[in-house]
Amino acid sequence: MRYSLRQLQIFQEVAQHLSYTRAAEALHLTQPAVFAQVRQLEEQTGHKLIERMGKTLFLTEAGEVVLLSAQRMLGEAEDLDMRLAELRGMARGRLRLAVVSTAKYDIPARIGAYNSDYPGIEVALTVCNREEILSRFAQNADDLYILGTPPQNMAAEVERFAENPLIVIAPPDHPLATRQGLSVADLSVYPFLTRESGSGTRLAAERCFEEAGKAPAVRLELGANEAVKQGVIAGLGWSVLSRATVALELRHGYLTELDVKSFPIMRHWYVAWPKGKQPTMAAEAFLQQLREGPGAAGVGSSVAGQ
């Protein structure tokens with residue numbers, strides 16, 4: 001082989017960040033060293049892999065091909081390391097997880113339990129919105145993906161592993177806070193704070209209103225759960241969020257859960273990975289923990305996305 005795994009690792013970092021500087025920081029190398037390795041890889045492959053337009057880097061068609069192969073080879077190398085480690089009676093390796101922002105309240109505890117069982121495995125956790133998750137999925141950038149809605153129109157293996165109820169929240173002094181048996185119509189006359197377009201939580205709430213023939217009175221569209229929570233606490237309106245997202249605020253009385261007939265909306269957490277991709281041993285161990293862990297949905301069957 002004319003190029004090394006280290007070169008492929010460096011190129012993968014540059015391709016994922018589209019920045020020599022950020023790749024150098026992630027790899028604890030100097031920027032010139034990273035640039036030199038990529039140039040050397042280009043010479044060895046005989047193709048321009050990265051182009052610059054103004055201040056922005058772009059992968060060429062050859063760069064896309066090399067990136068896919070690099071991800072596959074580096075994944076195989078990590079899996080080999082872990083299999084050899086198990087033969088020596090010790091587990092080590094790396095697990096790359098990408099999770100939607102709503103899951104960041106639940107997943108750390110599961111990672112903690114996983115680290116207790118496999119202390120030698122390094123876990124790299126990326127938290128982002130659904131659009132970014134699907135982009136990373138398409139690039140095969142991680143081992144496993146945690147979402148509230150399975151990937152659509154993408155070849156994926158999917159497993160449901162836990163319940164994720166969505167509830168209606170409001171500040172404790174909201175006019176509806178003390179009322180029982182509220183309807184969607186009751187909610188529709190008060191200001192509503194919603195997540196950004198494409199959010200799984202937003203889609204579920206909108207579907208509930210559509211079924212009731214009503215439309216929420218949207219006051220603000222916010223791009224993060226934390227922003228929605230703070231907006232509701234500040235009295236700007238009511239919202240719909242995962243119960244896990246607001247558990248702390250409910251417990252301390254900063255928020256209250258409204259009693260609405262159509263709620264909670266029972267959604268689920270899903271774990272997914274590209275169809276045809278063999279999970280690493282580190283990923284398999286995490287999958288097993290999800291299947292048996294707290295709140296397990298008891299569904300172990302795999303669903304192939306289209």
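These values consider heavy atoms only, across backbone and side chains, with no hydrogens, waters or symmetry-generated copies.
- With Y145 contributing its side chain and D142 its backbone, the two residues share a donor-acceptor pair below 3.5 Å.
- Within 6.0 Å of atom CE in M266, more than 12 heavy atoms from other residues, nucleotides or ligands are found, so the atom counts as buried in its surroundings.
- In this structure, V34 and Q31 have side chains that are not in contact, with every pair of non-hydrogen atoms separated by 4.5 Å or more.
- Summarising the geometry of F263 relative to L166, their closest heavy-atom pair is CD2-O, 3.6 Å, with the distance given to 0.1 Å.
- Of all non-hydrogen atoms in A124 and R94, the two that sit nearest each other are CB-NH2, 3.6 Å.
- Taking all atoms of both residues into account, the shortest heavy-atom contact from G148 to R267 is O-NH2, 3.2 Å.
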task = Determine, step by step, whether R96 and T126 satisfy the side-chain hydrogen bond (donor to acceptor under 3.5 Å, both in side chains) criterion, reporting the C-alpha distance in whole Å, the side-chain angles of both residues, the deciding distance to 0.1 Å, and the verdict.
result = CA-CA 8 Å; R96 294 178 297 257; T126 300; over 6 Å; no

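- In this view, E64 satisfies the salt bridge (Lys or Arg N to Asp or Glu O under 4.0 Å) rule with no residue, not counting sequence neighbours.
- Relative orientation of the Y114 and F286 rings is perpendicular, given thresholds of 30° and 60° on the angle between their planes.
- In the hydrophobic clustering of ILVMFWY residues, with side-chain heavy atoms under 4.5 Å counting as a link, L203 and V184 come out apart.
- A donor-acceptor contact shorter than 3.5 Å links the side chain of T45 to the backbone of L41.
- With rounding to the nearest 0.5 angstrom, the CG atom of L74 is 11.0 Å from the CZ atom of F11.
- More than 12 heavy-atom neighbours from other residues, nucleotides or ligands sit within 6.0 angstrom of NZ on K277.
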inquiry  = side chain to side chain contact (heavy atoms under 4.5 Å, CB included), that's the test. Do L241 and N225 meet it? Break it down for me.
reply    = CA-CA 8 Å; L241 287 178; N225 291 320; 3.3 Å; yes

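- Not one N or O on the side chain of R219 forms a donor-acceptor pair closer than 3.5 Å with the backbone of G237.
- V127 is connected to W273 through a chain of hydrophobic side-chain contacts under 4.5 Å among Ile, Leu, Val, Met, Phe, Trp and Tyr, so both are in one cluster.
- To the nearest 0.5 angstrom, E51 atom CD is 8.0 Å from M53 atom CE.
- The hydrophobic cluster containing I121 also contains I107, counting ILVMFWY residues as joined when their side-chain heavy atoms lie under 4.5 angstrom apart, directly or transitively.
- By the criterion of side-chain heavy atoms lying less than 4.5 angstrom apart, applied directly or through intervening Ile, Leu, Val, Met, Phe, Trp or Tyr residues, Y190 is not grouped with V228; the two fall into different hydrophobic clusters.
- Here the OG1 atom belonging to T245 is positioned 11.5 Å from the CG atom belonging to L248, to the nearest 0.5 angstrom.
- Evaluation of the side chain to side chain donor-acceptor pair (under 3.5 Å) rule for E257 yields R243 as partners, not counting sequence neighbours.
- In this structure, V123 and L97 have side chains that are in contact, with non-hydrogen atoms separated by less than 4.5 Å.
- Nearest heavy atoms, S262 versus C208: CB-SG, 3.6 Å.
- Taking the side chain as every heavy atom from C-beta outward, L144 and L290 never approach each other to under 4.5 Å.
- At a threshold of 4.0 Å, the pair R202-E221 counts as salt-bridged, since one of the basic side-chain nitrogens sits closer than that to a carboxylate oxygen.
- Within the 4.5 Å cutoff, no side-chain heavy atoms of T56 are placed close to those of L18.
- Of the possible polar contacts, one joining the E132 side chain to the N129 backbone as a donor-acceptor pair under 3.5 Å is found.
- Within the 4.5 Å cutoff, no side-chain heavy atoms of I265 are placed close to those of P165.
- Side chains of V168 and L176 form no contact here, defined as non-hydrogen atoms less than 4.5 Å apart.
- With hydrogens and angles ignored, the 3.5 Å screen pairs a side-chain donor or acceptor of T60 with a backbone N or O of K48.
- Other residues, nucleotides and ligands place no more than 12 heavy atoms under 6.0 Å from the OH atom of Y254.
- In this structure, a donor-acceptor pair under 3.5 Å is present between the side chains of N164 and S242.
- A single hydrophobic cluster is seen to contain both M73 and V14, as judged by linkage of ILVMFWY side chains at heavy-atom distances under 4.5 Å, directly or through other members.
- R6 is linked by a salt bridge (Lys or Arg N to Asp or Glu O under 4.0 Å) to nothing, counting only residues two or more places apart in sequence or in another chain.
- Residues P171 and A177 approach most closely at O-CB, 4.2 Å, considering heavy atoms.
- Put simply, the side chain of L193 reaches to within 4.5 Å of the side chain of V232, judged on heavy atoms.
- The pair E210-R207 does not meet the salt-bridge criterion, since no charged nitrogen lies less than 4.0 angstrom from a carboxylate oxygen.
- Residue L80 holds its CG atom at 11.0 Å from CE of M281, rounded to the nearest 0.5 Å.
- In this structure, a donor-acceptor pair under 3.5 Å is absent between the side chains of Q288 and E284.
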key: Stepwise side chain to side chain contact (heavy atoms under 4.5 Å, CB included) check, E196 with L222   = CA-CA 6 Å; E196 76 283 2; L222 299 164; over 6 Å; no

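- Under a 3.5 Å cut-off, the side chain of D186 and the backbone N or O of S183 do form a donor-acceptor pair.
- Considering all non-hydrogen atoms of both residues, L95 and A283 come closest at CD1-CA, 3.7 Å.
- One finds the CG atom of L5 at 11.5 Å from the CD1 atom of I10 (value rounded to the nearest 0.5 Å).
- The pair E25-R22 does not count as a salt bridge, with every side-chain nitrogen at least 4.0 angstrom from each carboxylate oxygen.
- Two residues are said to be in side-chain contact when any heavy atoms from C-beta on lie closer than 4.5 Å; D259 and L182 fail this criterion.
- Between T102 atom OG1 and R130 atom CZ the span is 11.0 Å, to the nearest 0.5 Å.
- For H268 and F161, the distance between ring centers is not under 6.0 angstrom.
- For the residue pair S135 and Q139, a side-chain donor N or O sits within less than 3.5 Å of a side-chain acceptor on the partner.
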inquiry  = For Y20 and V38: C-alpha separation, side-chain torsions, deciding distance, then whether side chain to side chain contact (heavy atoms under 4.5 Å, CB included) applies.
reply    = CA-CA 9 Å; Y20 289 108; V38 173; 4.0 Å; yes

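- Residues Q7 and Q44 bring a donor and an acceptor atom of their side chains to less than 3.5 Å of each other.
- One N or O on the side chain of E42 and one on the backbone of I50 form a donor-acceptor pair closer than 3.5 Å.
- Aromatic pair F192/W238: centroids less than 6.0 angstrom apart.
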ask   = Where do D106 and I146 land on the side chain to side chain contact (heavy atoms under 4.5 Å, CB included) test, with the steps shown first?
value = CA-CA 11 Å; D106 175 73; I146 306 295; over 6 Å; no

